[in-house]
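Everything on this sheet refers to the single structure shown next.
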2 protein chains.
Amino acid sequence: MQTSAFSPHDHSRCITSAIGHAKSLCADRGVKLTPVRQRVLELVWQSHQPIGAYELLASLAKEGFNSAPPTVYRALEFLSGQGLLHKLESINAYVGCCNPDTPHQGHFLLCQDCHQAQELDSQYINLALKVSADQHGFKIQRHTIEIVGTCEECLAQSTALEPTP
Amino acid sequence: MQTSAFSPHDHSRCITSAIGHAKSLCADRGVKLTPVRQRVLELVWQSHQPIGAYELLASLAKEGFNSAPPTVYRALEFLSGQGLLHKLESINAYVGCCNPDTPHQGHFLLCQDCHQAQELDSQYINLALKVSADQHGFKIQRHTIEIVGTCEECLAQSTALEPTP
DNA sequence: TTGACAGTTGTTATAATATAACATAGCATT
DNA sequence: AATGCTATGTTATATTATAACAACTGTCAA
Ligand SMILES: [Zn+2]
Ligand SMILES: [Zn+2]
Ligand SMILES: [Zn+2]
Ligand SMILES: [Zn+2]
């Protein structure tokens, strides 16, 4: 896995790695990565841009898969349940998980310029959440952490385009 | 303002404080807290449970207000723009802001038992987000931080009900 | 073999959330 | 009164997601 979704990299390796990982993981767990489930996962991994359910559905339809909404929502539910992808709540879109072995919700950087997402699992953030929750006697079950802004690459591009003073 | 939405408190004071605050704040800013906007804000503040747009709409309808979706979404957009409420993205619901003077996105504790929400603005969390973003050269514009779990009161209740060993 | 079961998929309909587009009304300034 | 701005009314539609039930598929044991 590359260090950042935002930096240029050989993304085909992301895809093959993710799919390979998913296959072995599902085999280990005794659950079925059926054709439609695998195809949805591949489509989600087509890029680091989170993708919406109905966009996935349109792709499936073009490829001759069944294309009623439950098809894709069931696949997304399965993949999410296996920790193979995450839903980004603030944009109703789905992105592949970089580290599906252990259950987690992750933290996401969303670039509003290139629309790519990078998953983190920062122990700083986890600790800060825990400390804040503890202060209120609150027991954390899960969380949604989505940070919107501009990634390093897009910042560099916009800086390069600025008029020189 | 009370220290916690979860603890028992005189909630009528939350409401009057929030509405009074909103009135003076809108007056200061030269924007209009019209009847429907004020009523939506009051409805949002009816409790510390985040409320959905269509539930607000149903209440408005009962009270003789116009009850087409744009009415409530416009009010929510105005109130959100003035920092008087927040949308909780993970549940598509809206909750009054405790501290509308300064712009912020806040951090939310959502109790899955009593369905109440407590807004925080933890500097620990803000710092952790900033550190993580900085490590990736990412410039934060806004964020969605929603922590789901069980509040202190509900934990105490469930503990009290547990069978003694 | 066959039938019972569990899991998966197909199909239809509908729920829930949100916005586009354009018309009308109120209100302040000139 | 005419103008322009903000807010509201109205109709229609877009977007996201789920309910409900039927049909198919493979497994395994009687
Ligand atoms: Zn990649
Ligand atoms: Zn992940
Ligand atoms: Zn209160
Ligand atoms: Zn707030």
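Numbered from 1 within each chain, the chains take letters A, B, ... in sequence-line order. Worth knowing before you read on, the calculation uses all heavy atoms, side chains too, and leaves out hydrogens, waters and symmetry mates.
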Which whole-number value in Å describes the distance from [X] [atom1] to [N] [atom2]?
X: B:Gln82; N: D:dA7; atom1: CD; atom2: C1'; value: 14 Å
X: A:Glu55; N: D:dA14; atom1: CD; atom2: P; value: 17 Å
X: B:Phe65; N: D:dA7; atom1: CZ; atom2: C1'; value: 14 Å
X: B:Leu56; N: C:dA16; atom1: CG; atom2: C1'; value: 14 Å
X: A:Leu57; N: C:dG10; atom1: CG; atom2: P; value: 12 Å
X: A:Phe78; N: C:dT8; atom1: CZ; atom2: P; value: 7 Å
X: B:Ile51; N: C:dA16; atom1: CD1; atom2: P; value: 15 Å

Legend entry - Basic-acidic side-chain contact under 4.0 Å: A:Arg39, A:Glu42: yes
Legend entry - Expected output: side-chain A:Gln49 to main-chain A:Cys114 donor-acceptor under 3.5 Å: yes
Inset, instruction - For the pair B:Ile145 and B:Leu120, evaluate side-chain contact (heavy atoms from CB on, under 4.5 Å) and give the outcome as yes or no after the intermediate values. - result: CA-CA 10 Å; B:Ile145 310 295; B:Leu120 316 175; over 6 Å; no
Name the atoms and distances for all side-chain donor-acceptor pairs under 3.5 Å in residues 64-73 of chain A, with sequence neighbours left out.
from, atom 1, to, atom 2, distance (Å)
A:Asn66, ND2, A:Thr71, OG1, 2.7
A:Thr71, OG1, A:Ala68, O, 3.4

What donor-acceptor contacts under 3.5 angstrom involve side-chain atoms of residues 104-112 of chain A, with partners at least two apart or in another chain?
from, atom 1, to, atom 2, distance (Å)
A:His104, ND1, A:Thr102, O, 2.7
A:His104, NE2, A:His86, NE2, 3.2
A:His104, NE2, A:Glu119, OE2, 2.7
A:Gln105, OE1, A:His143, N, 3.4
A:His107, ND1, A:Ser122, N, 3.1
A:His107, NE2, A:Asn126, OD1, 3.0
A:Gln112, OE1, B:Arg142, NH1, 3.4

Tabulate atom names and distances for all N/O pairs under 3.5 angstrom spanning the protein and nucleotides 17-25 of chain D.
from, atom 1, to, atom 2, distance (Å)
D:dA17, OP1, A:Lys87, NZ, 2.4
D:dA17, OP2, A:Tyr73, OH, 3.0
D:dA17, OP2, A:Tyr94, OH, 3.3
D:dA17, O5', A:Tyr73, OH, 3.4
D:dA17, N7, A:Tyr54, OH, 2.5
D:dA17, N6, A:Tyr54, OH, 3.3
D:dA20, N6, A:Arg74, NH2, 3.3

Inset, instruction - Among A:Ile15, A:Leu56, A:Leu84, find the one that has a side-chain contact (heavy atoms from CB on, under 4.5 Å) with A:Val44. - result: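 Result for side-chain contact (heavy atoms from CB on, under 4.5 Å) with A:Val44: A:Leu56.
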Inset, instruction - Mind listing the residues from residues 32-41 of chain B sitting with a heavy atom below 4.0 Å of DNA chain D? Number order is fine. - result: B:Thr34, B:Val36, B:Arg37
Legend entry - B:Asn66 vs D:dT8: side-chain N/O to OP1/OP2 distance below 4.0 Å: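 For B:Asn66, the contact criterion (side-chain N or O under 4.0 Å from OP1 or OP2 of D:dT8) is not met.
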Inset, instruction - Sequence neighbours left out, what passes side chain to side chain contact (heavy atoms under 4.5 Å, CB included) with A:Lys139? Give chain and number order. - result: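 In terms of side chain to side chain contact (heavy atoms under 4.5 Å, CB included), with neighbours along the sequence ignored, A:Lys139 is linked to B:Leu155.
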Legend entry - side chain to side chain donor-acceptor pair (under 3.5 Å) partners of residues 23-35 of chain A, not counting sequence neighbours, each pair once: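 Sorted pair list: A:Arg29-A:Gln82.
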Inset, instruction - Take A:His48 and A:Phe6 through the side-chain contact (heavy atoms from CB on, under 4.5 Å) test and state the conclusion after the steps. - result: CA-CA 8 Å; A:His48 291 280; A:Phe6 302 126; over 6 Å; no
